[in-house]
Amino acid sequence: MKPLDPFNLDLDRTTLIEASAGTGKTYTITTLYCRLIAQGIAVESILVVTFTEAASAELKLRIRQRISATLDKLLQLEAEAEDDLVRFFRHSADKALVCRRLSLALTCFDQASILTIHAFCLSMLKENAFECQYPFDVQLMPDRSVFLT
């Protein structure tokens with residue numbers, strides 16, 4: 001099996017990353033996210049879905065940190081302590097444009113859709129309540145049936 005290379009992955013396709021703990025999923029996701037931003041995709045147009053609230057919070061933090069660190073390193077003139085992503089942007093893109101896009105992404109990061117599966121489904125139900133003939137104030141409730149038996 002060939003390892004996933006986030007620098008050679010086609011960004012025009014949907015990508016599912018599924019792997020065991022400690023295999024670099026977060027690194028890959030943060031790299032892909034930064035590549036999408038550098039291509040001009042707006043933060044609010046990128047969807048990242050995970051299983052748990054803890055994983056979602058961790059991904060939000062790590063993606064924001066990666067964008068910020070990449071921007072800081074690209075703005076530095078010296079090339080010391082560069083990571084793979086910074087080298088990728090220095091050699092393959094208009095650096096000034098990438099920096100503007102990363103900066104804008106940091107400014108708009110509150111609009112990022114980095115959600116759990118349940119939060120994503122709830123947002124879709126609320127956003128499309130009229131079409132789904134669902135109440136506008138729908139709430140997800142935990143299943144408590146095991147406590148009632």
Inset, instruction - Go through the structure and list residues passing side-chain contact (heavy atoms from CB on, under 4.5 Å) with Ile41, not counting sequence neighbours. - result: Leu36, Ser45, Ile46

Inset, instruction - Answer yes or no: is there a side-chain heavy-atom contact under 4.5 Å between Thr70 and Lys73? - result: no

Inset, instruction - Indicate, with yes or no, if Leu11 and Leu102 share a hydrophobic cluster defined by side-chain heavy-atom contacts under 4.5 Å among Ile, Leu, Val, Met, Phe, Trp and Tyr. - result: yes

Inset, instruction - Please confirm whether the backbone N or O of Leu75 pairs with a side-chain atom of Lys95, one donor and one acceptor, at under 3.5 Å? - result: no

Legend entry - Residue pair Ile67 / Cys34: nearest heavy atoms and the distance that separates them: CG1-SG, 3.7 Å

Legend entry - Partners meeting side-chain contact (heavy atoms from CB on, under 4.5 Å) with Thr50 (sequence neighbours left out): Ala55, Ser56, Leu59

Legend entry - By side-chain contact (heavy atoms from CB on, under 4.5 Å) - contacts of Asn8 (at least two apart): Asp5

Legend entry - Heavy-atom closest pair, residues Ala19 and Thr23: CB-OG1, 3.2 Å

Inset, instruction - Please name all residues satisfying side-chain contact (heavy atoms from CB on, under 4.5 Å) with Thr30, sequence neighbours left out, ordered by chain then number. - result: Thr26, Arg62, Ile63, Arg66

Inset, instruction - Taking Thr28 for its side chain and Gly24 for its backbone only, find out whether a donor-acceptor pair lies under 3.5 Å. - result: yes

Legend entry - Atom pair CD (Glu131) and CG (Leu125), whose distance is rounded to the nearest 0.5 Å: 11.5 Å

Legend entry - Value rounded to 0.5 Å, distance of NZ in Lys60 from OG in Ser113: 8.5 Å

Legend entry - Connected via hydrophobic side-chain network under 4.5 Å: Leu106 and Val48: yes

Inset, instruction - Please round to the nearest 0.5 Å and tell me the distance separating atom CG of Asp72 and atom SG of Cys99. - result: 9.5 Å

Inset, instruction - Say whether, by atom type as modelled, one donor and one acceptor occur between the side chain of Arg101 and the main chain of Ile37 under 3.5 angstrom. - result: no

Legend entry - Asp84 side chain near Tyr27 side chain, heavy-atom distance below 4.5 Å: yes

Legend entry - Those residues that, when tested against Phe7, pass ring pair (Phe, Tyr, Trp, His ring centres under 6.0 Å) (two or more places apart): Phe88

Inset, instruction - Among Ile, Leu, Val, Met, Phe, Trp and Tyr joined by side-chain contacts under 4.5 Å, find the other residues sharing a cluster with Ile117 and list them by chain and number. - result: Leu47, Val49, Phe51, Leu115, Phe120, Met124

Inset, instruction - Step through the shown structure and confirm whether more than 12 heavy atoms of other residues, nucleotides or ligands are within 6.0 Å of CD on Glu53. - result: no

